[in-house]
Amino acid sequence: MKGVLYTTGMKQDLERAIATAVQELFGVGAVIELSRPEEQFGDYATNVALQLAKQVGKSPRDVGEALAVKIRENLPDTVKDVTVAGPGFLNVALTDHSLMQAAENKPARIYEGQTIIAEYSDPNPFKPLHAGHLYTTLVGDSIARMLEIGGATVIRINYGGDVGLHVGRAMWAIIKSLGGEFPEKLPGGTISERVAWLGERYIEGNTAYTEDEKSKQEIIDTNKRVYEVQARDDHDSPFAKIYWLGREWSYAYFKVLYDELKVHQFDRVIPESEIVPLGVQTVREQLQNNVYQESDGAVVFKGEEYGLHTRVFINSQGLPTYEAKDVGLLLTKWNDYKFDRSIVITANEQAQYMAVMLKSVEQFAPEPAKRSMHLTHGEVKLKGGVRMSSRKGNTVGAIEIIEAATKANRTLVGKDDPETVLGAVKYAFIKNRIGGDIIYDPEESVSLEGNSGPYLQYAHARARSILRKAQNAANSQQLTADSHLREGERTLVRKISEYAEVVDKAVVELMPHHICTYLYELAQTFNRFYEHNRVIGDKRENMRLALVARYAETLKTGLSILGIASPDKM
RNA sequence: GCGCCCUUAGCUCAGUGGAUUAGAGCGUCUGUCUUCGGAACAGAAGGUCGCAGGUUCGAAUCCUGCAGGGCGCACCA
């Protein structure tokens, strides 16, 4: 189900034209890959001559020279010049006119017609929301947006563990803390306070589970009771009342985070309890078919045959582990959506686990398994690479991050400015490549300067300010009306023309940080242009207004893929 | 022990199947301002791209080994 790049736009036209030239000159086929060299060398570059040299039996430079002549002949309107550089690289300079056309290119819709499931965020009820949840939510949100840019119909799914040992741990400590099963004794206060209280209980239960054998047994029993509450749909017993209330609080609190972050709404929230029956039933059925095996009273999948490892799907108590639940989840997605692709986004600690789960499903349901992929990101760490742990008491809460950023921004700017705060926080998290761990630096995440969200927003607001002041002629002119560009103008047009290519790359690789890197360069290029070139009152005002308008739109569209707002004024 | 991932300037990171001086931001130092918004711009200092081999005309980028760090490896999620 890999996306195939559509061949549209200036870059693809050029690639085809060069391939044709190769065919005409040497009678061989070649895949041309154009890159963007530094501006002084041209607008596009290719190393095709070096690749062909051996095959054709000529020196790379000779191949390059011959190609350069041919390309100039074939594309007199598009190409201003083709030169051979170094060992045989071809540097291609576009005419100003075609460069301006390239600045109008739109990203390819490589997922057109596909239904793609994006599952992300996945917080568990009864557990605190920490920095990692914030991060994974933002990554998922931007990736889902990228899939939409690529033309897909995206189903956003949020999956969470409302049953399982962590709930047992929390419930055990809650009951202990209440002095018995007394739902009426549950604390009041704001939703944050109540959830904070739950979080403390979870940590207590967690500690007791690892440190005290008797408590551990009690927690295991409590866990079973939670499954029974679900199975019997019990809403009346005091135990059940506590459970449902705690779950409700958690969900309410998740909503607080999503609202604060202004992320796109989920299409569906799937609690684990919903897919447990299908998961268990499926695993038991496939036990008959020998996909899964019994071992020490548990049901396992032996991954060793596939270079993986063995994992337990149903434990010896007869309760499903995360594994069996994920089987149920995957099949539920498949039954309900018949997706073309399903992407699950989590931290990388789950990478090998997920590989085992998918491999097991592949044995009896190959289609959904093959169409699934697991995209992982790193952990959020503190400055100096310090890992957060509730035991050390150095965890950072998800909402705490937004609150701290809001406060810091207030003292810096003197007013509340949620769009700037969110711009700063989101950009700080998304600008790094997915995969490695990222460092949460509270100061950097509220920074207004340099490579930051607010820098980009400011570079947008500045441009809008110019356009506001010159409303008259401004928006009527086409960028391509003037066929000759001055130096600073050309640099900006050239940068804008990279937009569609960068987004394509980000969408294909599912790497939002490419967009961050590019937009920062774009904003930088504009700020330089702004410093050195007058727009209003200049002889070239009309052309430059069209350029500024094109730039502002590009930046705004790009930021929207990251879920970052572009206010007209700041 | 086995598997996977990571190691680029003081800090935080881009760049990863070839190239021309390895790029940013922060921090440090120095400039620009009777300016369409200074949340800006211009410049300086700062790197044997973890170490050692190998392939190549050419390696931060590919291969091998080593070191350091992270994650996972049966009833947690």
Side-chain angles (χ1 to χ4, degrees), chain A residues 35 37-38 40-41 45 47 50-51 53 60 85-89 91 122 124 127 160-161 164-169 206 209-210 223 272 295-303 307-317 319-323 325-326 346-353 355-356 376 378-379 381 383-385 387 412-413 420 428 431-433 435-439 441 443-444 447-452 454-459 461-470 513-514 516-517 520-521 523-524 527-528 530-538 541 544-545 548 569-570:
Chain A
S35 59
E38 280 179 48
Q40 52 175 316
F41 301 119
N47 62 0
L50 283 96
Q51 291 175 353
F89 290 94
N91 287 327
D122 294 358
N124 286 331
K127 285 171 79 167
L165 201 54
H166 63 284
V167 180
R169 288 166 173 161
N206 207 18
Y209 185 86
T210 48
N223 182 30
E272 278 186 14
S295 173
D296 294 339
V299 178
V300 305
F301 177 76
K302 304 214 163 169
L308 303 167
H309 58 270
T310 295
R311 295 196 72 103
V312 171
F313 281 61
I314 296 175
N315 71 21
S316 49
Q317 318 248 334
L319 295 180
T321 60
Y322 195 34
E323 285 80 348
K325 295 174 193 173
D326 250 316
T346 74
N348 50 29
E349 60 186 357
Q350 296 187 13
Q352 280 124 308
Y353 147 75
V356 174
T376 66
E379 278 180 58
K381 294 193 167 173
K383 216 172 171 180
R387 199 177 184 206
L412 229 53
V413 187
T420 305
K431 74 175 179 183
N432 290 341
R433 186 187 191 85
D437 291 341
I438 73 155
I439 307 291
D441 180 344
E443 286 186 25
E444 203 204 302
S447 171
L448 307 175
E449 294 164 10
N451 190 2
S452 69
Y455 174 97
L456 300 184
Q457 292 173 317
Y458 183 75
R462 257 183 151 182
R464 292 290 176 203
S465 177
I466 293 176
L467 297 172
R468 259 198 311 277
K469 292 207 163 131
H513 80 285
H514 285 130
C516 293
T517 306
Y520 178 59
E521 289 167 3
Q524 239 179 357
N527 276 333
R528 284 173 192 151
Y530 180 95
E531 292 286 335
H532 302 295
N533 301 279
R534 186 80 200 174
V535 176
I536 296 172
D538 189 89
E541 174 171 327
R544 287 184 174 172
L545 284 171
V548 170
K569 294 177 184 176
M570 293 175 72

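Chain A is the first sequence line, chain B the second, and so forth, proteins listed ahead of strands; every chain is numbered from 1.
Remark: B:U12 base-pairs with B:A24. Criterion, Watson-Crick or G-U wobble with two distances under 3.5 Å. Here B:G50 sits opposite B:C66 as a Watson-Crick or G-U wobble pair (both hydrogen-bonding atom distances under 3.5 Å).
The side chain of A:His309 lies closest to B:C73 when the candidates are B:C73, B:A40, B:C76. When distances are taken from the side chain of A:Asn315 to each of B:A19, B:A74, B:C75, the shortest belongs to B:C75. The side chain of A:Glu444 sits closest to B:U12 out of B:U12, B:C75, B:A19. Side-chain proximity of A:Arg311 to the nucleotides B:C76, B:A77, B:A24 is greatest for B:A77. Nearest nucleotide to the A:Tyr455 side chain, out of B:U12, B:G25, B:A40: B:A40. Considering only side-chain atoms of A:Asn432, the nucleotide from B:A77, B:A14, B:C41 that sits closest is B:A14. Nearest nucleotide to the side chain of A:Tyr353, out of B:A77, B:U20, B:G15: B:A77. When distances are taken from the side chain of A:Lys381 to each of B:A19, B:G70, B:C75, the shortest belongs to B:G70. Set against B:A77, B:C41, B:C36, the side chain of A:Lys469 has B:C36 as its closest nucleotide.
Between the side chain of A:Thr517 and the base of B:A24, no donor-acceptor pair of N or O atoms lies under 3.5 Å. One cannot find a donor-acceptor pair under 3.5 Å joining the base of B:U12 and the side-chain atoms of A:Glu443. With hydrogens and angles ignored, a donor-acceptor pair under 3.5 angstrom links the side chain of A:Gln352 to the base of B:G3.
Among the heavy atoms of the strands lying under 4.0 Å from A:Ile536 is at least one base atom, whether or not backbone atoms are also near. Within 4.0 Å of A:Lys569, counting heavy atoms only, lies at least one base atom of the nucleic acid. A:Gln317 comes within contact range of no nucleotide atom at all, as no heavy-atom separation falls under 4.0 Å. Looking at heavy-atom distances under 4.0 Å, A:Arg528 makes contact with sugar-phosphate atoms alone, never a base. Nucleic acid contact class of A:Ala355 (heavy atoms, under 4.0 Å, all strands): none. Residue contacts shown for A:Thr376 are absent, as no nucleic acid heavy atom lies under 4.0 Å away. Nucleic acid contact for A:Phe41: base, since at least one base atom lies under 4.0 Å from a heavy atom of the residue. Using a 4.0 Å heavy-atom criterion, one finds that A:Asp441 contacts no nucleic acid atom at all. Counting non-hydrogen atoms under 4.0 angstrom, A:Tyr322 reaches a base of the nucleic acid. Within 4.0 Å (heavy atoms only), A:Ser316 reaches at least one base atom of the nucleic acid. Residue A:Asp296 is classed as a base contact, given a heavy-atom separation below 4.0 Å to a base. Within 4.0 Å of A:Ala461, counting heavy atoms only, lies at least one base atom of the nucleic acid. At a threshold of 4.0 angstrom between heavy atoms, the contacts of A:Gly164 are confined to the sugar-phosphate backbone, with no base atom among them. Nucleic acid contact class of A:Asn533 (heavy atoms, under 4.0 Å, all strands): base.
Every residue two or more places apart in sequence or in another chain was checked for a ring-ring contact (aromatic ring centres under 6.0 Å, His included) with A:Tyr209, and none qualifies.
Along RNA chain B, the nucleotide nearest to A:Gln51 and the one nearest to A:Thr420 differ in position, and the one closer to the 5' end is contacted by A:Gln51. A residue-by-residue look at A:Gly435 and A:Arg468 shows that A:Gly435 has its nearest nucleotide of RNA chain B further toward the 5' end.
Side chain of A:Arg534 to main chain of A:Ile536: a donor-acceptor pair is present (N/O by atom type, distance under 3.5 Å, no hydrogens or angles).
Results of the side chain to side chain donor-acceptor pair (under 3.5 Å) test with A:Tyr353 over A:Thr346, A:Thr321, A:Asp326 single out A:Asp326 as the only residue that passes.
Taking a 6.0 Å sphere around CD of A:Gln40, one finds it holds more than 12 heavy atoms contributed by other residues, nucleotides or ligands.
Taking 4.0 Å as the cut-off between side-chain N and carboxylate O, A:Arg462 and A:Glu531 count as a salt-bridged pair.
Taking CG of A:Leu467 as the start and NZ of A:Lys469 as the end, the distance is 11.5 Å to the nearest 0.5 Å.
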